[in-house]
Amino acid sequence: MDEYYAPQSKELKEIDKMQREFAIDDFGASANPFQHQTEALKARIFHGANAVEFSFFGAGKSEDKRFTPGAFGSRERRDMLELAEFNKVDTSTHATVGIQGLSGLDQGRFDEQKRKGAIDEVKRAIHFAAEATTGGAIVFHSGEAPRPLYSEFARYKKEDEARFQLYPTEKEEEVHYLVDPVTKEIKMGVKENIPIAIPVPKTDEKGNIVYLRDQNGEYIIDKTFEPYDKIHHGKVPVYQYDEKTGDIAVDTVTFKEYREKREEETKKQGKPITKDFRTEVIKEFFQWQQTLQLQYSYGFGLQAERDYSDALKRREKIIDTLNFYKEMQTKIPKEDWWKVKKISQRDAYKHGNLYIPPGTEDPIEYLEDELIQNDRRLAYGRELALSGRRQATDQLKMIDRSELIDDYAVRMSGKSMGELGVYAWQKQNEAKKEFENGKRPYALKNDLFISPENLFPETYGAHPDELKILVENGRKEMAKELQEFYGKGKKEAEKIAEKHIKATIDIGHMNVWRKYFMAKKGESLESRDKRFNKWLLTKTKDLVDKGIVGHIHVNDNFGFNDEHLSVGDGNAPIKEFLEQAKSAGLKDFIVESSGVNPMRALPDAWDALGSPIYHMHVPGGGGDGTFSDVWHSYFGKTEKPRYIVGSYSPSADFKGAPFYSGLDLEGLQYFDNG
């Protein structure tokens with residue numbers, strides 16, 4: 001009898017689901033982003049995916065092989081929707097990879113126009129999802145800002161906890177960036193090991209700093225610095241100096257030394273080392289870094305103010321003396337005026353504490369010219385005085401309002417996500433009305449939700465704790481907007497926000513944290529990897545259990561980079577993670593492929609996770625074939641056969657795998673009848 005590979009019936013598939021933890025219907029696949037998305041959808045349906053995620057690499061206007069959601073019009077979107085519905089396949093959307101984060105991060109600053117551009121790209125994907133998909137996730141990459149790893153995930157943790165550092169010397173060299181929320185410029189901030197010179201204040205016998213006092217014994221307060229000075233509160237320290245040279249004594253201090261001293265003081269007071277405290281310490285040190293320039297600007301302004309004041313006083317003398325000579329001129333006959341000139345040329349002449357220098361031909365002409373020059377000096381001095389004080393004040397205000405870069409980025413990203421969550425909610429309501437009015441052939445099967453995805457460890461949003469913060473902040477902003485602009489109650493608004501903002505966990509991206517995971521002293525690679533896997537699964541469980549996660553990307557790597565290997569070909573704890581997610585009720589698993597394995601990624605995942613695609617049954621043969629026998633045969637091909645096969649084939653070479661069994665059409669009745 002000819003070999004006959006019969007696909008499982010629906011009933012047998014259900015049995016397989018019961019027998020195995022993962023079955024073929026548990027997994028979807030990402031569409032080829034460089035292909036027309038209708039054709040890409042059809043290809044994945046042919047592969048046997050239960051869900052397909054549309055993928056876009058283009059941004060702005062579509063280019064060849066870099067499509068955007070806007071490249072597909074209403075009719076094509078309807079085709080995609082109907083193709084998915086006919087084949088009982090769920091579809092979701094991945095917004096362009098051309099954006100990274102929603103904070104507006106640009107080169108050296110945060111840019112509102114760039115943030116708006118990122119928001120619009122995700123809105124395009126939401127608009128597409130509402131018309132072309134069955135609903136579900138609209139994924140976009142996180143990556144809100146650079147931030148150090150050691151301070152965030154190692155410095156304040158014990159050695160037996162999970163700790164990370166970006167490079168071996170990061171502990172000594174890491175940079176803490178600050179942002180001016182007004183100009184949105186990123187300041188260099190402070191670096192751990194860069195020293196600055198700080199004047200050494202005098203101290204009394206009790207070790208207290210000595211400050212300047214007035215004649216009444218009261219502290220002299222500098223009103224300009226007082227609102228911003230967190231150390232001296234506007235009081236002017238008396239500095240140690242060398243009585244012979246007059247040089248002020250200075251100490252060289254690094255941020256590391258200053259930070260450790262401040263932390264020690266705080267611990268003695270029984271206070272915790274919180275992030276708010278660390279931010280304050282960074283800003284204090286940043287202020288000290290800026291002191292030289294600040295004092296120069298401020299001192300320059302003070303000197304200009306003194307010059308301006310002196311010029312005003314001289315102006316009064318010039319005018320007084322000029323009036324004196326003019327009055328004298330009216331009283332002296334013209335023919336005798338030469339005598340006054342002669343005196344001026346021979347001797348310095350004083351009137352009202354103003355001297356007319358010897359050699360002056362005419363005191364009136366001299367004084368009139370002096371008045372013109374005085375006006376110029378006043379204008380120049382006034383501008384310098386105002387400029388110096390303004391620069392000093394502006395610098396003080398900038399330092400005072402500065403934020404750590406990740407704090408600012410999270411705030412901006414939260415606003416962006418709130419806006420996008422509301423848009424997804426609106427588009428879902430619109431799709432519902434269109435279905436009810438007969439303008440849409442199918443209702444949305446799943447809620448539309450925006451979904452930030454953890455990207456790479458080097459930027460904010462990749463760590464599980466950061467991903468949770470992004471989602472929670474986005475939900476808060478969305479709930480706030482729903483209450484303020486749409487009249488929703490607090491509880492209803494929060495419930496809607498939870499439904500429309502959920503995270504995407506990419507297990508491959510999560511595994512890249514492995515290369516930054518710090519080993520314990522003397523720890524073996526095997527022990528380190530086990531400890532890392534435990535950390536990863538603990539963190540993902542926290543996200544899943546708290547309802548943060550709504551979508552999952554499945555791919556593998558060796559912990560060095562995001563290679564998108566097939567499941568089981570790397571060292572990510574994928575099976576344990578999927579078991580964890582499935583037990584929590586999640587079922588939205590998308591297997592992502594790469595340029596190396598586009599046809600293999602999905603069946604490789606089934607193979608690695610012990611799920612059959614089609615049961616290999618040979619009637620009368622008494623045995624099963626292997627998984628590879630199936631998917632390496634005709635399965636998964638997207639082209640039609642090029643030859644006639646079966647009993648009508650030109651030769652026996654075209655009978656059997658990878659073509660068909662060779663059984664003629666009439667013979668099928670035998671199996672249909674039992």
message = Is any side-chain heavy atom of R531 closer than 4.5 Å to one of F517?
response = yes
Report task. Could you tell me whether the side chain of Q580 and the main chain of K541 form a donor-acceptor pair under 3.5 Å? Result -> yes
| query | Is a salt bridge present between D588 and K502, judged by a nitrogen-to-oxygen distance below 4.0 Å? | reply | no
Which of N555, N454, N511 passes side-chain hydrogen bond (donor to acceptor under 3.5 Å, both in side chains) with D506? It is N555
Looking at K415, I want to see if its NZ is surrounded by more than 12 non-hydrogen atoms of other residues, nucleotides or ligands under 6.0 Å.
no
| Is a salt bridge present between E526 and K530, judged by a nitrogen-to-oxygen distance below 4.0 Å? | yes
Just by distance, with hydrogens left out, do E263 and Y156 show a side-chain donor and acceptor under 3.5 Å apart? yes
Per side-chain hydrogen bond (donor to acceptor under 3.5 Å, both in side chains), Y516 is matched among E458, Q165, E170 by E458
Check: Above 12 or not: heavy atoms from other molecules or residues under 6.0 Å from NZ of K520?
Finding: yes
So for atom NZ, which belongs to K261, do other residues, nucleotides or ligands contribute more than 12 heavy atoms lying within a distance under 6.0 Å? no
Practice item. Please assess R115 against E112 for the test salt bridge (charged side-chain N to carboxylate O under 4.0 Å, His left out), listing each intermediate value before the final yes or no. Key: CA-CA 5 Å; R115 185 169 77 92; E112 280 299 290; 3.0 Å; yes
ask   = Are Y150 and F164 near enough that their ring centres are under 6.0 Å apart?
value = no
Can a side-chain donor-acceptor contact be found between T96 and E121 if the only test is distance below 3.5 angstrom?
no
Checklist entry - Between Q240 and V200, is there a donor-acceptor pair closer than 3.5 Å when you use the side chain of the first and the backbone of the second? => result no
Worksheet item: Counting only N and O atoms by type, is there a donor-acceptor contact under 3.5 Å from the side chain of D180 to the main-chain atoms of V182?
Response: yes
In terms of side-chain geometry, is the basic nitrogen of D106 or K114 positioned less than 4.0 Å from the acidic oxygen of its partner?
yes
Applying side-chain hydrogen bond (donor to acceptor under 3.5 Å, both in side chains) to D465 and not counting sequence neighbours gives K539
Taking atom NZ of K490 as the centre, does the number of heavy atoms from other residues, nucleotides or ligands within less than 6.0 Å exceed 12? no
Checklist line | Between Y258 and E284: side-chain donor-acceptor atoms closer than 3.5 Å | finding: yes
Atom NZ of K184: over 12 foreign heavy atoms under 6.0 Å:
yes
Q) For K171, does the NZ atom have more than 12 heavy-atom neighbours from other residues, nucleotides or ligands under 6.0 Å away? A) no
Would you say S524's side chain and S527's backbone share a donor-acceptor pair under 3.5 angstrom? yes
Notebook entry, point to check: Is the shortest side-chain N to carboxylate O distance from K123 to E419 below 4.0 Å?
Noted result: yes
Interatomic distance, OH@Y486 vs CD@E492, rounded to 0.5 Å, equals 13.5 Å
Q.
Looking at F560, I want to see if its CZ is surrounded by more than 12 non-hydrogen atoms of other residues, nucleotides or ligands under 6.0 Å.
A. no
Notebook entry, point to check: Is there a side-chain hydrogen bond (donor to acceptor under 3.5 Å, both in side chains) between E53 and H94 once you walk through the steps?
Noted result: CA-CA 7 Å; E53 182 173 277; H94 197 311; 4.8 Å; no
### Message
Assess, by modelled atom type and distance only, whether the side chains of E152 and H463 contain a donor and an acceptor separated by less than 3.5 Å.
### Response
no
Across all chains, not counting sequence neighbours, the side-chain hydrogen bond (donor to acceptor under 3.5 Å, both in side chains) partners of R163 are none
request  = Return the orientation label for the W513 and W535 ring planes: parallel under 30°, perpendicular over 60°, tilted otherwise.
outcome  = tilted
- Lys/Arg-Asp/Glu bridge criterion (N-O < 4.0 Å) met for E265, K268: no
- Task: Report yes or no: does H500 contribute a side-chain atom to a donor-acceptor pair with the main-chain N or O of L448 at less than 3.5 Å?
- Result: yes
Test: R411 and D407 ion pair at under 4.0 Å: no
When rounded to the nearest 0.5 Å, the distance separating OG of S416 from CG of N473 is 11.5 Å
- Taking K283 for its side chain and S402 for its backbone only, find out whether a donor-acceptor pair lies under 3.5 Å. yes
(Q) Under 4.0 Å between a side-chain nitrogen and a carboxylate oxygen: does that hold for R155 and E192? (A) yes
TODO: Could you label the plane-to-plane angle of the H564 and H509 rings as parallel, tilted or perpendicular, counting under 30° as parallel and over 60° as perpendicular?
DONE: tilted
Exercise. Are H176 and F255 close enough that their ring centres sit under 6.0 Å apart?
Worked result: yes
Flag if over 12 foreign heavy atoms under 6.0 Å of CD, E484:
yes
Q. Does the S451 side chain pair with the main chain of T504, one donor and one acceptor, at a distance under 3.5 Å?
A. yes
Are any of the side-chain nitrogens in D529 or R514 under 4.0 Å away from the carboxylate oxygens of its partner?
yes
